[in-house]
Amino acid sequence: HGQTKHPCESLLRDWQAARELANYYFTVLLRLAPEEPDAQRRRQELNEKLFVAQTRWKHLDDQLQSCCREHGEVRMYH
């Protein structure tokens, strides 16, 4: 017998990838030195990317929670 995948597994993988991307942009922002060339432009760019990544992560979080509720899981992550 092949192991049956959980119906929410692909959402969980997407959620994890979105979380990692948001964490990456946040970390880069924290490490951006104000004296770096083009620091203000880079900060603006990173803030925009972080916003998009966090929005996607939140959207996937909502979808994952709904999927888990639908399939009887309270939370399969966290």
Is there any side chain to side chain donor-acceptor pair (under 3.5 Å) pair reaching into residues 45-54, and which pairs are they, with sequence neighbours excluded?
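Listed by first then second residue: R41-E45, Q44-E48.
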Heavy-atom pair of closest approach, residues [X] and [Y]:
{"X": "A33", "Y": "A39", "result": "O-CB, 3.6 Å"}
{"X": "E36", "Y": "R31", "result": "OE2-O, 4.2 Å"}
{"X": "L50", "Y": "A22", "result": "CD1-O, 3.3 Å"}

Evaluate disulfide (SG to SG under 2.5 Å) for C67 paired with C8, printing each intermediate quantity in order.
CA-CA 6 Å; C67 184; C8 304; 1.9 Å; yes
How long is the straight-line distance from [atom2] of [Y] back to [atom1] of [X], given to the nearest 0.5 Å?
{"X": "L60", "Y": "Q16", "atom1": "CG", "atom2": "CD", "value": "11.0 Å"}
{"X": "R43", "Y": "L32", "atom1": "CZ", "atom2": "CG", "value": "4.5 Å"}
{"X": "L30", "Y": "F26", "atom1": "CG", "atom2": "CZ", "value": "4.0 Å"}
{"X": "L12", "Y": "C68", "atom1": "CG", "atom2": "SG", "value": "7.5 Å"}
{"X": "L46", "Y": "Y24", "atom1": "CG", "atom2": "OH", "value": "8.0 Å"}
{"X": "W15", "Y": "Q65", "atom1": "CH2", "atom2": "CD", "value": "9.5 Å"}

Report whether L11 and W57 are members of the same hydrophobic cluster (ILVMFWY, side-chain heavy atoms less than 4.5 Å apart, transitive linking).
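Yes, same cluster.
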What I'd like to find out is whether the side chain of R56 reaches to under 4.5 Å of the side chain of V52, using heavy atoms alone.
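Result no, sub-4.5 Å side-chain heavy-atom pair not found.
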With sequence neighbours left out, write down each residue that passes salt bridge (charged side-chain N to carboxylate O under 4.0 Å, His left out) with R13, or none if nothing qualifies.
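Result, salt bridge (charged side-chain N to carboxylate O under 4.0 Å, His left out) vs R13: E9.
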State which residue, out of R69, Q63, E70, fulfils the side chain to side chain contact (heavy atoms under 4.5 Å, CB included) condition with S66.
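Among the candidates, only R69 passes.
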